[in-house]
Amino acid sequence: MSKPLPQEPSLEHLKNEAKAHLRRLRESTPTAKLAEAQRDIAREYGFPSWAKLKRAVEGFADQRSALFAAVRAGDRERAARLLGDNPALAEARNPDAFGAPPILTAAQRNDIPMLELLLAHGADIDGRSDWWAGSFGALDFANEETSAFLLRHGATLTAHAAARLGMEGELRRLMAKHPASVQERGGDGQYPLHFSKSPEIVDILLDAGAEIDARDLDHEGTAAQTRVRDMDVLRRLVERGASTDIFMAIVLGDLDLVKKHLAEDAAGLERSVDEPGNPMIPQAPGRHIYTYNVGFVRPIQAAVNLERWAIYDFLFAKLPAKSQLLAACWKGDRDAARQVLVRHPGLMADLREEDQRLLCDAAKWPRPQTVATMLELGFDPNAADNEKFSAIHWAAFHGDAALVEIILPYRPDLEARNVYGGTVLGTGCYGSLYGWRKDGDYARTAELLIEAGAKPPENASASPAMTAVLRRYRAT
């Protein structure tokens, strides 16, 4: 079996290997040539000749990018050509995805034919990413069908994967055979408890000695915070003694628990997830897990997002006037917002830049009624977030034509550029290819923006539907 090339193969390093091998050859065969040593080194790495090894190494970065693009696109034919030309690519690492190998990318897509191809070309079925906080493997992402395929083909079942997949019997056997695995860190430095799929899995792991409030390394989340959106698992963890916080209380819809946390920490009423001060939500290298599964929100925003209206009313009554205005806006409650302004007529003039940015957040997620309410009340349509995205940048990015129609009457700057250099229409072009939503109407979005005065960007890459619109308007 050939040995794999290093993750970042160097021709200079291979030349030194060949010279060292030549010295060894000449100990027994003084007439040995460098070409023979080079051929031997090439064969060790699975190449028939030094010339092919040299070409593979010199173009490795480009070939690696091409392979990962093919895997992401599900292009098995192109992936097969690339792997045939350079077998070392099967064990490449993607520097843009935490050092993940191709098999991990295919598993995330649940692309079984691609997995078969990679395995046929020597990919390590247990290959893992290079992430500093803890590596991930294919079984950490694959669905049940794909996981079953991987296990049939020899993948090693970890406690983390068994917990994630809800494999109760297998997890019990793992705990009995390797009791220490309950305390082993996996991806992001998480313990198996962080991956719990069901209350029964929680019980198995806690009964095996899992520490209920242990935190991961990257996001500093406990198991309860990590699984906060999985209500059955969350409830079982809390029943078993997991520590709580105000956001967890809101998710649970437990008003008494909200009151308890505010009694212990009054400042928590207006502290957002990413602000320091909450002892249960520490600052983390990769930001706390709540910034991903709850959002960059304050408690009352979380109550709105989760429709915990009794909690919302309780929190609203405690807020100062400006925060009440922002809360009513976030809810999209025009009447409540106007009532606040009647009581405090100069409040809009007191809004700071960070308050105005709430409009950008409302468009980012998106919350159309919130956007409409804010604009009606006089929020700045050109307010921009830390990436210089205004509300209409986000609407264009999502291809949200209805939201664009809400914003356009307020005459936003359509040529303002975000930190990546994109105008509003340019941001829409990018979103049509790489956006988060698959239901965006990018063609209609482009029409609306151009008819409102946006200049079609030259040579912009966009989806076919959006490209057709841009061409049509350039031709007129």
Side-chain angles (χ1 to χ4, degrees), residues 1-10 14 41-49 52-162 164-165 167 170 186-188 195 434:
M1 181 177 178
S2 59
K3 66 180 182 180
L5 282 169
Q7 291 181 25
E8 297 291 338
S10 159
L14 293 172
I41 294 297
R43 289 176 176 173
E44 282 184 26
Y45 285 110
F47 293 86
S49 69
K52 289 194 173 181
L53 172 61
K54 183 172 179 286
R55 281 198 301 275
V57 171
E58 288 176 334
F60 188 83
D62 290 340
Q63 293 169 1
R64 177 181 61 193
S65 296
L67 176 67
F68 279 105
V71 174
R72 287 193 301 271
D75 189 342
R76 194 168 181 268
E77 183 177 336
R78 175 152 175 71
R81 287 200 303 271
L82 288 160
L83 290 165
D85 291 341
N86 188 350
L89 290 171
E91 286 300 299
R93 292 291 187 273
N94 187 347
D96 297 322
F98 312 112
I103 199 163
L104 184 52
T105 305
Q108 287 176 300
R109 297 185 68 255
N110 295 299
D111 189 339
I112 290 177
M114 187 67 74
L115 289 169
E116 291 175 327
L117 174 69
L118 291 167
L119 293 173
H121 282 82
D124 180 2
I125 199 167
D126 289 328
R128 301 183 70 85
S129 66
D130 295 332
W131 189 226
W132 70 269
S135 65
F136 288 93
L139 287 174
D140 292 325
F141 293 104
N143 64 18
E144 290 186 8
E145 180 185 1
T146 305
S147 294
F149 166 85
L150 291 166
L151 290 168
R152 286 198 304 273
H153 285 76
T156 301
L157 182 65
T158 64
H160 299 78
R164 188 185 74 85
L165 294 165
M167 302 173 71
E170 290 82 351
D188 280 346
F195 287 77
Y434 307 109

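Along the sequence shown, residues are numbered consecutively beginning with 1.
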Any side-chain heavy atom of R128 within less than 4.5 Å of one from D140? yes
Does the side chain of D62 come under 3.5 Å of the side chain of S65 through a donor N or O and an acceptor N or O? no
Quick check for you: to the nearest 0.5 Å, what is the distance between F195 atom CZ and H160 atom NE2? 5.5 Å
Taking the side chain as C-beta and beyond, is there a heavy-atom pair between P48 and R43 under 4.5 Å? no
Are the side chains of S147 and M167 in contact, using a 4.5 Å heavy-atom criterion? no
Could you name each residue pair satisfying ring-ring contact (aromatic ring centres under 6.0 Å, His included) that touches residues 96-122, not counting sequence neighbours? F98-W131
List for me each residue that meets side chain to side chain donor-acceptor pair (under 3.5 Å) alongside R109, sequence neighbours excluded, and say none if there are none. D111
Set of residues satisfying side chain to side chain donor-acceptor pair (under 3.5 Å) with respect to D126, sequence neighbours excluded: T156
If I take atom CG from residue L151 and atom CD from residue E170, how far apart are they, to the nearest 0.5 angstrom? 8.5 Å
Determine whether N86 and F47 make a side-chain contact, defined as any pair of heavy atoms from C-beta on separated by less than 4.5 Å. yes
How long is the straight-line distance from CG of L83 back to CG of L117, given to the nearest 0.5 Å? 5.5 Å
Under 4.5 Å between any side-chain heavy atoms of L119 and I125, yes or no? yes
Roughly how far apart are I103 CD1 and L115 CG, rounded to 0.5 Å? 5.5 Å
State the CG-CG distance between N94 and L104, to the nearest 0.5 angstrom. 9.5 Å
Can you tell me how far CZ of R64 sits from CZ of F68, rounded to the nearest 0.5 angstrom? 7.5 Å
Check the surroundings of atom CD in E144: do more than 12 heavy atoms from other residues, nucleotides or ligands lie under 6.0 Å from it? no
